[in-house]
Amino acid sequence: MIVAFSVAPSTENSDGSVHDAVAAAVQIVRESGLPHSTSSMFTELEGEWDEVMDVVKRATEAVSAYGSRVSLVLKADIRPGYTGELTGKLERLEQAIETRK
């Protein structure tokens, strides 16, 4: 499965910055050893249900140290029997684009 998630604390920073909290979450993801990718808005993580959800839970707990409230947005692509889809889906997309030229 692939999970795309974003986690952030409530903040009282005048500029709304949450980068320290997000860094704590991304560190959990990177240390998990699971395939992952982080962009400016989401982190994608690939693995089995229990291991992916464990990482999301630990990342959320890490962020909770930075505020009294945490927002978690999560989207999952559950496709049993498939692995390598973090890159596989993108490769198929690029191939489809090339065939349209």
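Every heavy atom of this structure was used, including side-chain atoms; hydrogens, water molecules and symmetry mates were not.
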- Hey, could you give me the CG/CG distance between L45 and L86, rounded to the nearest 0.5 Å? 8.0 Å
- Message: If the test is side-chain hydrogen bond (donor to acceptor under 3.5 Å, both in side chains), which one of K101, Q95, R100 qualifies with E98?
- Response: K101
- In one Ile/Leu/Val/Met/Phe/Trp/Tyr side-chain cluster, 4.5 Å: V7, V52: yes
- Decide yes or no for L72 and F5: does some side-chain heavy atom of the first lie under 4.5 Å from some side-chain heavy atom of the second? yes
- Query: In terms of side-chain geometry, is the basic nitrogen of E85 or R92 positioned less than 4.0 Å from the acidic oxygen of its partner?
  - Reply: yes
- Task: Look at the side-chain heavy atoms of Ile, Leu, Val, Met, Phe, Trp and Tyr, link any pair under 4.5 Å apart, and say whether W49 and I28 land in one connected group.
- Result: yes
- Is there a donor-acceptor contact under 3.5 Å from the side chain of E51 to the main chain of E48? yes
- Is a salt bridge present between R58 and E61, judged by a nitrogen-to-oxygen distance below 4.0 Å? no
- Measure the spacing between NZ of K89 and OH of Y82 and express it to the nearest 0.5 Å. 11.5 Å
Under 3.5 Å, sequence neighbours excluded: what are the donor-acceptor pairs made by side chains of residues 31-40?
unit_1	atom_1	unit_2	atom_2	d
E31	OE2	Q27	NE2	3.0
S32	OG	V29	O	2.6
S32	OG	L34	N	3.1
H36	ND1	L34	O	2.9
T38	OG1	T43	OG1	3.2
S39	OG	M41	N	3.4
S39	OG	F42	N	3.3
S39	OG	F42	O	3.3

- Mind checking whether V73 and V63 sit in one hydrophobic cluster, side chains of I, L, V, M, F, W, Y counted as touching below 4.5 Å? no
- Query: Under a 4.5 Å side-chain heavy-atom rule over Ile, Leu, Val, Met, Phe, Trp and Tyr, are V70 and V26 clustered together?
  - Reply: no
- Message: In the structure I gave you, are the side-chain heavy atoms of S68 and S10 within less than 4.5 Å of one another anywhere?
- Response: yes
